[in-house]
Number of protein chains: 2
Amino acid sequence: MDKSVKCYGSRDALYKLQDKDSLFLCVIATTLTSRIPGITGAGASPELTDYTPAADVELIVHGVPKCLPEIPQTVVGDEAAPTPAVITKASLEIADIPFLVADAGSVVKPSLPYVNINDKQGGDIATGNAVDDPEDIFNKGKLLGKTLSKFTDHLIIGESTPAGTTTALGVLAAMGYDAWGKVSGSTPENPHTLKRQTVEKGMESAGLKDNIPLDPFQAVKIVGDPMIPAVAGIAAGSTVPVTLAGGTQMTAVCALLKEAVKDFDFDKISIATTIFVATDETADINYIARQIGPINIFAVDPGFEKSENRGLQKYTKGAVKEGAGAGGAMLAAQLKGVPIDEVRNKTEELCREIFKN
Amino acid sequence: MDKSVKCYGSRDALYKLQDKDSLFLCVIATTLTSRIPGITGAGASPELTDYTPAADVELIVHGVPKCLPEIPQTVVGDEAAPTPAVITKASLEIADIPFLVADAGSVVKPSLPYVNINDKQGGDIATGNAVDDPEDIFNKGKLLGKTLSKFTDHLIIGESTPAGTTTALGVLAAMGYDAWGKVSGSTPENPHTLKRQTVEKGMESAGLKDNIPLDPFQAVKIVGDPMIPAVAGIAAGSTVPVTLAGGTQMTAVCALLKEAVKDFDFDKISIATTIFVATDETADINYIARQIGPINIFAVDPGFEKSENRGLQKYTKGAVKEGAGAGGAMLAAQLKGVPIDEVRNKTEELCREIFKN
């Protein structure tokens, strides 16, 4: 495991998770923010980003998306890279890790049984009206986390939220963290200026630009997304170790946890992501995390440069990077003793089956 | 345990479940059938039956119903008997059994995280249009059953579906079983004539009265409810032993399982109910079950005649009888070594807290 997992923080935290039973929960959400042209690559068009989270989890469960005819891919120039959900599927199947879906508020519902935490999708943060009642979502998440931790020794929480780095930036900035130009993104060219303008417009629309740092739930309410309080709540309610499977979006979850949970113990959580996020030159997950607390970050390298699949190779060029908890799913497989080469081979096999390439 | 659990079938099946980890899932649904005046006691008025399932599971999770100001009670003459959800809550809490909720189609959604299997409530069976796509609900249930059985050694499935004995009668009769006058009910006076007329009207409306026995999914589609295919699907998908926690409604689930699953093995499932259903003189659960297959039925006697709580005493006079999986929850507590007297004492304690009586 050691070679393919880069640790920022304590490697001991990683050893403690070895050979434990894991449960992987993917939390999905959509927002009107993802409809802003150019803000995300997680969908062939701004309108199609509505379908990406549902299609991702359908792909993992059914092997095909049911909500739309096209399989979600990130468009990079003329070519497409496969959704990271295929990495998640490969990892969980090969390591026999149970998979559950929770809806934190997505407009397109997946055709499979999922846990309802919140029904309504997020707004466009530029309006300053992002999430109606983040505290209610957090509290329902807490109940779910408490229940799920009765079924497992280790809870892994992934997410699929198009434009989620922009809404994470919103929450971080509104809470007073220096995150401008530091969040990652799903395209090689990270549209930092557009992200910043969108967040600043939201703060202005809400009339709160001069009140920073805001209360965390207020930050989510005006410039966040429903995934953030849902995942924070689940982590807060869990009585077992939690791995937040995602990139810079998960730092916003940590920021919320720090403020919403009295004396929050960072030993309870880790962030697991892909090497593509950790080494993203257009972003800095560690810079953000250090401002919040002693968060262990693990970054998994699937070695896609060794792959002959052109779509997967695009990941090494900055496309996609992370999503649907791909980094955390790969880590979970490795914690159960599956070598990373097997994860990559299985991912390639699924790409051949699903994308015919 | 032996004294308070009456067995119809194999007591060995019960011993096999002892000391196993259990997971209790309550499946909720509503139908327009419960709006027919006089058909059910599960709500203070026909309109309020819409709230009963959500209020039941909210009571179990939160200790109070959140969707309505009144706590669900079954009205018997001038007095009210407490919802059986309080027995379920007492049993699960005292035995520390995890509780999950799944929505098979209820019009009022509970304020807690729940698994969405189906969104839309059932119609009025008198119209012959009861459930849009029972096979889709069954298939989603199967996926859920498969997943949940990764988390437990024993899956207990309860239900809360007002007028559910009428819709169960519909499915049984449409599948060709002799169930007229044999289903139980939530009031001392079992309105058999009204139930039969409603079912027959539905078969006539659908133009299928002369085509009996019908295919099981067609039976549900015209005169059933969404809970039945959901619970049957979950049981079909489970890889661990399943206890169907309910009364005569669960025989309709068994009838569906027998037809929908090739070579269905009845050793995999049991029905657990209360002594009030098993000894109901207005009904005959064993008569129905014997027509379907070798189904083990366990009936738990909480000894409410020993209680000083007047609401609980009403159970011994034929009120309520069962619901929210009360019988199965009591059985689960006993399988974990909790004596029935402790379950009754805890139920009384909760009644004092919740109903102030």
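Keep in mind that this is a model prediction, so the values were computed, not measured. Sequence lines set the chain letters: A, B, ... in the order given, protein chains first and strands last, and positions in each chain run from 1.
Taking a 6.0 Å sphere around NZ of K120(A), one finds it holds 12 or fewer heavy atoms contributed by other residues, nucleotides or ligands.
Residue contact with chain B, scored on non-hydrogen atoms closer than 4.5 Å, is absent for L148(A). For K140(A), the parts sitting under 4.5 Å from any heavy atom of chain B are the backbone and the side chain alike. Interface residue V61(A): only side-chain heavy atoms are found under 4.5 Å from chain B.
In this structure, the side chain of K89(A) engages the main chain of I60(A) through a donor-acceptor pair within 3.5 Å. Counting only distance, with no hydrogens or angles, the side chain of S238(A) and the backbone of A235(A) share no donor-acceptor pair below 3.5 Å.
Side-chain contact of T152(A) with D21(A): a donor-acceptor pair under 3.5 Å is absent, judged by distance alone.
When the options T167(B), D225(B), V171(B) are evaluated for a side-chain contact (heavy atoms from CB on, under 4.5 Å) with V220(B), the one that passes is V171(B).
The residue among N116(B), N139(B), T147(B), L112(B) with the most heavy atom pairs within less than 4.5 Å of chain A is N116(B). Highest contact tally toward chain B, considering only D96(A), N118(A), L143(A), is held by L143(A) [criterion: heavy-atom pairs under 4.5 Å].
Using a 4.0 Å cut-off between charged side-chain N and carboxylate O, K109(B) and D103(B) make a salt bridge.
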_Does S160(A) form a side-chain contact (heavy atoms from CB on, under 4.5 Å) with V57(A)? I'd like the steps, not just the answer._
CA-CA 9 Å; S160(A) 180; V57(A) 294; 5.7 Å; no
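Scanning residues 22-32 of chain B against chain A with a 4.5 Å heavy-atom cutoff picks out L23(B), ordered by number.
The closest side-chain heavy-atom distance from L144(A) to V115(A) is below 4.5 Å.
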